[in-house]
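Residue indices begin at 1 and follow the sequence shown. Predicted model only: the values in this text are computed from it and were never measured.
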Amino acid sequence: MATDGMITDSGIARLRSRIGVPQAYPAPPHYRRPGEDAFRHVARSYGDDNPLWCDPEYAAGTRWKGSVAPPPLVGGDSLIGEDVLSEDERAAQADLRGDPLRGVHAFYGASEREWWSPLGPGHRIFRRTALVGVVDKPGQFGGRGVQEWTAQAFRTGDGALLGAQYRMMYRTEREKARERKKYDSVAIEPWDEAAIAELDAGYAAERPRGADPRWWEDVRAGDAVGPLVKGPLTVTDMVCWHVGMGMGMYDVAPLRLAYRNRLRIPRFYHRDELGVPDVMQRVHWDPAFARRSGNPATFDYGRMRETWLVHACTDWMGDDAWLWRLRVEFRRFNYVGDVQWVEGEVTRRYLAEGGRPAVDVDLRTRNQRGEITSPASATMLLPSREHGPVRLPDPPADTLEDAFAVTIDRFAERRA
């Protein structure tokens, strides 16, 4: 039975019955065989001009000996990955059709990602996906809320395991959100020329560390990471985001393709002021649609801020290092007109498993109102004068199926 926009005990029970069941992702991969152009488009979509992703000639002279994908490409919803399912798993997909919380709004609430090996150009990529957790959690924004956790793992066609991620969608009832009007007091003030000039000075000072190694021995707890300037956010930023990142799990498309998508997921389409059906995803660029979701203005995607945090890490660590893990929570909205400063500091320098020189950092995005919108943490592997070049992390298993099973088990163990 459909919940029609309400979170019910029966809807949660139906959702929980899907935990651990491998599923076909609702949208095909945006990139089936991502190459050097895809690497550049993805990096540029979040404002990253590091030549390691964007200039094949430069990349050929690095330790990677050629172009590699920026970390956000490995993962990120529908960016990459053809589904790997057995015949029995494909036959079971009919039981997974429909959303047990149909009509209940979904905000990207948190993610945890790890990367095991670099992705070069021209590979087919495969993925496994399953729901791994459903947490009934009341929230201030919309009354009753539910954390819906999904896991994915990825490999190349030749068997190289690339990484895994957990994604949490926070589900909240739209009507309750509108009634509470929690964010109606948010004021987004105009920017004068002096303020824009100050932000521009921040942009002018930014650059990736690049070929200059950040040696593990030189790092100390308290060392600053960033800051990077991101904003003031514009609708153009989100247009550029979609150019590189695609349209996400709802497979949003134009014209005849939109008509077919509307037949597939009709409740995702709402009529605008002209009576034209359009996607609810329009909350990110249409103020009227944003207000329908309980927000005073249009706002960004959580994935955008996640990539900004990745950008801060890769700019700081240099080309010879490796971003191993990133964890982030999205606690406040980032509205059009807002600026986010991406900043952080080193909290620990140590030898990780296998004697790998590593550093942990605390990160955050902070807006012009002084609010921390996305607290985060990361682990990076750095080159060492004593211990030598970075050695990539060991995947948790040898095959995609086994690595994915470990990913599911890890989630269950941590939340037992």
Can you measure from [atom1] ([X]) to [atom2] ([Y]) and round to the nearest 0.5 angstrom?
| X | Y | atom1 | atom2 | answer |
| --- | --- | --- | --- | --- |
| Trp216 | Leu381 | CH2 | CG | 11.5 Å |
| Phe268 | Asp251 | CZ | CG | 10.5 Å |
| Ile7 | Thr172 | CD1 | OG1 | 6.0 Å |
| Arg291 | Thr298 | CZ | OG1 | 9.5 Å |
| Glu386 | Glu217 | CD | CD | 6.5 Å |
| Arg327 | Ser377 | CZ | OG | 4.5 Å |

If the threshold is 4.0 Å, N to carboxylate O, is there a salt bridge linking Arg18 and Asp95?
no
Salt-bridge test for Asp237 and Lys230: reply yes if a basic N is under 4.0 Å from a carboxylate O, no otherwise.
no
In terms of relative ring orientation, are Phe107 and Phe333 parallel, tilted or perpendicular, with 30° and 60° separating the classes?
perpendicular
What class does the angle between the rings of Phe411 and Trp149 fall in, given that below 30° is parallel, 30 to 60° is tilted and above 60° is perpendicular?
tilted
Report yes if some heavy atom in the side chain of [X] is under 4.5 Å from a heavy atom in the side chain of [Y]; otherwise report no.
| X | Y | answer |
| --- | --- | --- |
| Tyr25 | Gln152 | yes |
| Cys240 | Arg44 | no |
| Pro232 | Leu199 | yes |
| Val84 | Arg155 | yes |
| Gln93 | Leu85 | yes |
| Leu233 | Gln340 | no |
| Met169 | Thr150 | no |
| Thr156 | Leu162 | yes |

Is a donor on one side and an acceptor on the other found under 3.5 Å between the side chain of [X] and the backbone of [Y]?
| X | Y | answer |
| --- | --- | --- |
| Arg214 | Trp316 | yes |
| His284 | Asp300 | yes |
| Glu206 | Val229 | yes |
| Arg113 | Gly163 | no |
| Gln368 | Val339 | yes |
| Asp223 | Arg220 | yes |

My understanding is that only residues two or more places apart in sequence, or in another chain, count here; which of them pass salt bridge (Lys or Arg N to Asp or Glu O under 4.0 Å) with [X]?
| X | result |
| --- | --- |
| Asp136 | Arg144 |
| Arg391 | none |
| Arg356 | Asp394 |
| Glu345 | Arg364 |

Does either side chain, that of [X] or that of [Y], offer a donor lying less than 3.5 Å from an acceptor on the other one?
| X | Y | value |
| --- | --- | --- |
| Tyr108 | Glu306 | yes |
| Arg305 | Thr365 | no |
| Tyr335 | Asn367 | no |

Before giving the answer on side chain to side chain contact (heavy atoms under 4.5 Å, CB included), spell out for Arg369 and Arg332 the whole-Å C-alpha distance, their side-chain angles and the decisive distance to 0.1 Å.
CA-CA 12 Å; Arg369 292 181 289 277; Arg332 290 183 178 271; over 6 Å; no
Using the ring pair (Phe, Tyr, Trp, His ring centres under 6.0 Å) rule, collect all pairs that involve residues 36-81, keeping only residues at least two apart or in two chains.
Tyr46-His311, Trp64-Trp322
Mark yes when over 12 heavy atoms from residues, nucleotides or ligands other than Tyr350 sit less than 6.0 Å from its OH; otherwise mark no.
yes
For the CZ atom on Arg264, are there more than 12 heavy atoms of other groups (residues, nucleotides or ligands in this structure) within a distance under 6.0 Å?
yes
Output every pair passing salt bridge (Lys or Arg N to Asp or Glu O under 4.0 Å) with a member in residues 65-77, not counting sequence neighbours, ordered by first then second residue.
Asp77-Arg167, Asp77-Arg303
Scan residues 84-93 for pairs that pass salt bridge (Lys or Arg N to Asp or Glu O under 4.0 Å), counting only residues two or more places apart or in two chains.
Glu89-Arg128
Dump the intermediate steps for side chain to side chain contact (heavy atoms under 4.5 Å, CB included) on Met317 and Arg209, then the final yes or no.
CA-CA 7 Å; Met317 71 189 193; Arg209 188 174 183 87; over 6 Å; no
Go through the steps for Arg127 and Asp83 under the test salt bridge (charged side-chain N to carboxylate O under 4.0 Å, His left out), then give the verdict.
CA-CA 5 Å; Arg127 68 187 170 200; Asp83 294 316; 3.0 Å; yes
Ring pair (Phe, Tyr, Trp, His ring centres under 6.0 Å) involving [X] - partner list, sequence neighbours excluded:
| X | value |
| --- | --- |
| Phe289 | none |
| Tyr269 | none |
| Tyr31 | none |
| His123 | none |

What do the steps show when you test Asp99 against Arg267 for salt bridge (charged side-chain N to carboxylate O under 4.0 Å, His left out), and what is the final call?
CA-CA 11 Å; Asp99 181 0; Arg267 290 181 66 88; over 6 Å; no
Going by side chain to side chain contact (heavy atoms under 4.5 Å, CB included), Ser67 matches just one of Arg40, Glu36, Glu57. Which one?
Glu36
For a quick test of your reading: what N or O donor-acceptor pairs under 3.5 Å do the side chains of residues 396-403 make, sequence neighbours left out?
unit_1 : atom_1 : unit_2 : atom_2 : d
Thr399 : OG1    : Asp402 : N      : 3.1
Thr399 : OG1    : Asp402 : OD2    : 3.3

Checking Asp360 against Arg325 for the salt bridge (charged side-chain N to carboxylate O under 4.0 Å, His left out) test, could you report, in this order, the C-alpha distance in whole Å, the side-chain angles of both residues, the deciding distance, and whether it holds?
CA-CA 9 Å; Asp360 291 341; Arg325 296 188 177 112; over 6 Å; no
Stepwise side chain to side chain contact (heavy atoms under 4.5 Å, CB included) check, Leu363 with Val328:
CA-CA 9 Å; Leu363 298 162; Val328 57; over 6 Å; no
Would you name the heavy atoms of Tyr170 and Gly145 that are closest together and state the gap between them?
OH-CA, 3.2 Å
